[in-house]
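Note that the structure is predicted; figures quoted are calculated from it, not measured. Just follow the structure's listing: the first ligand is 1, and inside any ligand the first atom is 1.
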Amino acid sequence: MKAEITINATSSSYKALVGKNILEESLAEYLDDKNADKLFVLIDENVFKQHWGFIEPVLSGLVKQVHYLEVPQGESSKSIKMWQKTLDFLLNEGIRRNIPIVVIGGGVTGDLGGFTAATALRGVPLIHIPTTVLAMVDSSIGGKTGVNHTTGKNLIGSFYQPDMVIADIHFLSSLPKKEWINGLSEILKYGAIRDDKIFKEAEIFLEPDLSSINPEKLIQLIAKCIQIKADVVEEDEFESGVRAFLNYGHTFAHALEKACDFDTISHGEAVFLGMLAAQKLSTLTGGRLETTKLDLYRSLYAYRISKDELSYERLNEYMKSDKKRTDQHIKFVLLKSWQHPQVKTVENEAFINQAWDVVFDEL
Ligand SMILES: NC(=O)c1ccc[n+]([C@@H]2O[C@H](COP(=O)([O-])OP(=O)(O)OC[C@H]3O[C@@H](n4cnc5c(N)ncnc54)[C@H](O)[C@@H]3O)[C@@H](O)[C@H]2O)c1
């Protein structure tokens, strides 16, 4: 089974393909009319270890030369230093405007590789091959690329759409369970803001052994999430309106990540907690959310945070210094009801603290 989604961004239109063992046919389809004799590959180091033996022959069968660079795993690779290293690699090896960069990995490699593709020679063709659940349903779609700055995450970057996204679930066979659950948070986010059925469909993640997850159901779920992101990006590519809804739970999450120095909590865990807090704040500010939707999934998340590190005052300060603030009041994506998001400024700090209570009860 293979699903195909077209992303019609203002700047360009491209396909996302989702399936199992689709790498070779999808790349061949892309390269068919491109006249490219070589490819440049940026690949996450763990994906390299697990899958290069399979990827390399596929690529070598399609082009004469394959140049590759391993990207060390972890957020620290989204740095100016690593961006410079990838540019050095491309330029020293003789990149030309018509030669595509194939970026294989999770969101870290994807964001770094996307930004490198956007900036080398003022833009070279880019193919994303996401290998984490998060990258498949979220970061490889929509064209946000970038690296971090010492003053904050994702502060340097650009909007740059790929030519194609190939989400081959074969790669997930080696993905650690923790990373599956990180990706689940973004899937549940789509459930909250767009499609109630996702809360049921995501139950495949409750399977104790994720390697035996039903491939067809997984492909359908990933494809559905990509379609939702595609619809949002089509409406608002440069985040001046509805694209903000994709940040549901993220204002709380970013403050939590910062308070934990991006160390003891993962992004996915923070987003899950952030959605619990956003649900509470939605209710306190007039939202009608009679049913809870996330309870079933709580047990999948294992937090290692010490409550002592967190104070409401500090967390609220972090939210105020986030990019999405207005003056001293914080803007949140909240729900009027399930699947009906809105951006709302909340002035009542007592309500915000009650939302944090929900998070603290979890820890
Ligand atoms: N551009 C966007 O729109 C967007 C959206 C959401 C998140 N992001 C960014 O994405 C990043 C997080 O992405 P992520 O969660 O994919 O993390 P990641 O890229 O760090 O990958 C997580 C871990 O999984 C490993 N890994 C990846 N694929 C694997 C595989 N198939 N088998 C075994 N190990 C594998 C990696 O080596 C790493 O250790 C953050 O930097 C975030 O800011 C970007």
Side-chain angles (χ1 to χ4, degrees), residues 7 9 16 20 23 42-52 54-55 70-79 82-83 103-115 117-118 126 128-149 152-162 165-187 189-190 210-211 222 225-226 228-230 232-233 236-239 243-244 246-250 253-254 257-258 262 265-272 274 323:
I7 295 103
K20 191 169 185 181
L23 179 66
L42 295 184
I43 180 165
D44 171 278
E45 69 165 307
N46 285 325
V47 181
F48 182 87
K49 276 189 208 124
Q50 302 275 353
H51 300 282
W52 188 243
F54 150 75
I55 296 170
E70 273 182 71
V71 176
Q73 70 97 33
E75 188 69 27
S76 56
S77 276
K78 268 177 62 174
S79 64
M82 198 59 207
W83 169 58
V103 178
I104 311 175
V108 164
T109 311
D111 282 8
L112 169 76
F115 188 49
L126 166 69
H128 274 308
I129 303 188
T131 62
T132 62
V133 174
L134 179 139
M136 289 183 186
V137 300
D138 194 352
S139 61
S140 66
I141 309 294
K144 275 194 190 176
T145 75
V147 295
N148 302 327
H149 186 256
K153 261 186 69 128
N154 299 323
L155 296 183
I156 304 161
S158 66
F159 286 93
Y160 191 72
Q161 302 293 342
V165 179
I166 304 168
D168 190 334
I169 64 164
H170 161 78
F171 290 113
L172 300 178
S173 58
S174 56
L175 192 69
K177 177 151 188 180
K178 184 169 180 278
E179 299 302 338
W180 281 81
I181 303 308
N182 274 335
L184 172 64
S185 298
E186 304 297 344
I187 291 176
K189 172 193 78 182
Y190 292 123
L210 288 165
S211 61
I222 292 170
C225 293
I226 294 177
I228 293 173
K229 182 141 187 196
V232 172
V233 168
D236 176 25
E237 182 174 358
F238 301 109
E239 203 168 46
R243 192 161 179 174
L246 297 171
N247 292 323
Y248 179 66
H250 284 58
H254 291 156
E257 284 181 282
K258 200 166 174 188
F262 299 92
I265 191 165
S266 72
H267 179 67
E269 287 164 351
V271 169
F272 188 79
K323 282 179 285 184

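Between the side chain of Glu45 and the backbone N or O of Gln73, at least one donor-acceptor pair lies under 3.5 Å. A donor-acceptor pair is defined here as one N or O able to donate and one able to accept, closer than 3.5 Å; such a pair exists between the side chain of Ser77 and the backbone of Pro72. A donor-acceptor pair under 3.5 Å links the side-chain atoms of Ser140 to the main chain of Ala135, judged by distance alone. When atom types are taken as modelled, the side chain of Asn148 and the backbone of Ser79 share no donor-acceptor pair closer than 3.5 angstrom. Looking at Ser211, its side chain never comes within 3.5 Å of a backbone N or O of Ser173 through a donor-acceptor pair. A donor-acceptor distance shorter than 3.5 angstrom exists from the side chain of Trp180 to the backbone of Leu175, with no hydrogens or angles considered.
Thr132 CG2, 3.3 Å is the protein heavy atom nearest to atom 27 (C) of ligand 1. Protein heavy atom in closest approach to atom 6 (C) of ligand 1: Asp138 OD2, 3.6 Å. Given atom 10 (O) of ligand 1, the protein heavy atom at minimum distance is Gly107 CA, 3.3 Å. The protein non-hydrogen atom at the shortest distance from atom 28 (N) of ligand 1 is Thr131 OG1, 2.8 Å. Nearest protein heavy-atom neighbour of atom 30 (C) of ligand 1: Ser174 OG, 3.6 Å. Of the protein's heavy atoms, Leu134 CD2, 3.7 Å lies nearest to atom 7 (C) of ligand 1. Scanning all protein heavy atoms for the shortest distance to atom 36 (C) of ligand 1 gives Asp44 OD2, 3.2 Å. Among protein heavy atoms, the minimum distance from atom 9 (C) of ligand 1 is reached at Asp111 OD2, 3.4 Å.
Distances below 4.0 Å separate heavy atoms of Lys229 from the following atoms of ligand 1: 3 (O). Close approach of ligand 1 to Asn46 is summarised as follows: ligand atoms under 4.0 Å from at least one heavy atom of the residue are 34 (N), 36 (C), 37 (O), 39 (O). Remark: ligand 1 atoms within the under-4.0 Å shell around heavy atoms of Lys153 are 40 (C), 41 (O), 42 (C), 43 (O).
Looking at Gln50, Gln73, Lys78, Lys49 and measuring to atom 38 (C) of ligand 1, the nearest heavy atom belongs to Gln73. Summarising the contacts of atom 31 (N) of ligand 1 with Phe171, Phe48, Phe159, the nearest heavy atom is found in Phe171. Here atom 8 (N) of ligand 1 lies nearest to Ser139 when heavy atoms of Pro72, Ser173, Ser140, Ser139 are compared.
Residue contacts with ligand 1: His267 is excluded, as none of its non-hydrogen atoms falls under 4.0 Å. Not close to ligand 1: Leu172, with no non-hydrogen atom less than 4.0 angstrom away. Heavy-atom separations between Glu186 and ligand 1 are all 4.0 Å or longer. The shortest separation from a heavy atom of His250 to ligand 1 is not under 4.0 Å, leaving the residue out of contact. Using a 4.0 Å cutoff on heavy atoms, Glu75 counts as a contact of ligand 1. Residue Asn182 places no heavy atom under 4.0 Å from ligand 1.
No side-chain heavy atom of Glu186 sits under 4.5 Å from any side-chain heavy atom of Met136.
Within the 4.0 Å heavy-atom criterion, the part of Glu179 lying near ligand 1 is the side chain and not the backbone. Contacts between Met136 and ligand 1, counted as non-hydrogen atom pairs separated by less than 4.0 Å, are absent for every part of the residue. The backbone and the side chain of Val108 each have at least one atom closer than 4.0 Å to an atom of ligand 1 (non-hydrogen atoms only). Contacts of Leu175 with ligand 1, taken as heavy-atom pairs under 4.0 Å, involve both backbone and side chain. The side chain of Asn154, and not its backbone, has at least one atom closer than 4.0 Å to an atom of ligand 1 (non-hydrogen atoms only; side chain from C-beta on). Heavy atoms of Glu45 found under 4.0 angstrom from ligand 1: none, in either backbone or side chain.
Nearest heavy-atom pair, Lys229 versus Tyr190, reported as atom, atom and distance to 0.1 Å: CD-OH, 3.4 Å.
Each of Val103, Asp168, Leu23 was checked for a side chain to side chain contact (heavy atoms under 4.5 Å, CB included) with Ile129, and the lone residue meeting it is Leu23.
The structure places NZ of Lys144 at 12.0 Å from OG of Ser158, a figure rounded to the nearest 0.5 Å.
At under 3.5 Å, not a single nitrogen or oxygen of Thr109, backbone or side chain, sits near a nitrogen or oxygen of ligand 1.
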